[in-house]
Amino acid sequence: MKHLKTIFITALILFSAGLAHGQIRGALGMNFLFREFKFGLQAKMMKEFDERFVLSGAFTYYFEKNTSIAFDFDGRYKLIKIGNVGFEPLVGANIRRFGEFFDSSLNAGLFIDYEADGFEIFLEPKIILDSKPVWVLTTGFVF
């Protein structure tokens with residue numbers, strides 16, 4: 001629990017520093033973990049560093065009997081945009097706690113966004129590269 005507080009406070013400080021610097025975008029979404037089906041809500045912050053590179057951090061709370069949370073830190077490359085649909089491969093780190101289980105792993109996936117008429121939605125399939133790989137799907141709205 002002590003490590004969780006440290007991670008949360010560090011993320012909050014980084015988020016606040018990023019807001020002071022500008023160009024931060026947020027997103028809210030739903031997260032589905034497929035090894036042992038879990039459903040959660042996710043809040044994501046994204047920082048564009050140039051026209052091609054984006055860093056993002058996300059916090060997910062899974063609805064279970066035990067406290068289950070995950071933090072994701074990803075780097076994305078804006079590969080191509082076809083019409084209103086953008087495709088961005090990503091790699092990053094995942095830190096998660098399910099009940100008493102605590103682990104960290106690498107992850108890889110694709111961030112797909114669709115912009116139209118003043119709103120933006122995203123779909124993010126990724127795999128957590130653990131001893132037993134886990135598929136995760138996140139979808140939601142960018143603001």
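For clarity, every value in this text was computed on a predicted model and none was experimentally measured.
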Parallel, tilted or perpendicular, as decided by the 30° and 60° cut-offs, for the rings of Phe73 and Phe71: parallel
Test side-chain contact (heavy atoms from CB on, under 4.5 Å) applied to Phe53 and Arg76, step by step: CA-CA 6 Å; Phe53 188 66; Arg76 302 191 324 243; over 6 Å; no
Any Trp135 side-chain heavy atom under 4.5 Å of Leu33 side chain: no
Pairwise side-chain contact, Ile121 with Glu115, heavy-atom cut-off 4.5 Å (strictly under): no
Lys38 side, atom NZ; Phe32 side, atom CZ - distance, nearest 0.5 Å: 14.5 Å
Same apolar cluster (I L V M F W Y, side chains within < 4.5 Å links), Phe59/Ile128: no
Closest contact, heavy atoms only, Ile127 versus Pro133: CD1-CB, 3.6 Å
N-O pairing of Lys78 and Glu51 below 4.0 Å: no
Single-linkage hydrophobic cluster, 4.5 Å side-chain cutoff, Ile24 and Val142 together: no
Check against ring pair (Phe, Tyr, Trp, His ring centres under 6.0 Å), Phe122 and Phe111: CA-CA 7 Å; Phe122 75 93; Phe111 184 88; 5.3 Å; yes
Near-ring test Phe39/Phe37, centroid separation under 6.0 angstrom: no
Transitive ILVMFWY side-chain link Leu79 to Leu55, under 4.5 Å: no
Note: Arg97-Asp103 ion pair, threshold 4.0 Å (strictly below): no
Ion pair Asp113/Arg25, N-O distance below 4.0 Å: no
hydrophobic_cluster_shared for Ile82 and Val54, side chain cutoff 4.5 Å: no
Side chain to side chain contact (heavy atoms under 4.5 Å, CB included) partner of Met30, the single match among Leu41, Leu137, Thr138, Thr60: Leu41
Pairwise side-chain contact, Leu90 with Glu88, heavy-atom cut-off 4.5 Å (strictly under): no
Nearest non-hydrogen partners of Met46 and Ala27, listed with the distance: CE-CB, 4.0 Å
For the student: nearest non-hydrogen atoms of Tyr62 and Ala70, plus distance: CE1-CB, 4.0 Å
Pair Phe63-Tyr61, ring pair (Phe, Tyr, Trp, His ring centres under 6.0 Å): steps then yes or no: CA-CA 7 Å; Phe63 293 97; Tyr61 178 83; 5.5 Å; yes
Any donor-acceptor N or O pair under 3.5 Å, side chains Asn94, Asp72: yes
Close side-chain approach of Ser56 to Lys47, heavy-atom, < 4.5 Å: no
Under-4.0 Å salt bridge between Glu36 and Lys132: no
Co-membership, hydrophobic cluster, residues Leu123 and Phe34, 4.5 Å side-chain: yes
Validation row: Glu124, Ile112 side chains within 4.5 angstrom (heavy atoms): no
For the student: nearest non-hydrogen atoms of Ser104 and Ile95, plus distance: CB-CG1, 4.1 Å
Minimum side-chain heavy-atom gap Phe98-Glu64 below 4.5 Å: yes
Verdict with supporting geometry, Asp74 and Val91, side-chain contact (heavy atoms from CB on, under 4.5 Å): CA-CA 6 Å; Asp74 301 320; Val91 294; over 6 Å; no
Any side-chain heavy-atom pair of Ser105 and Arg96 under 4.5 Å: yes
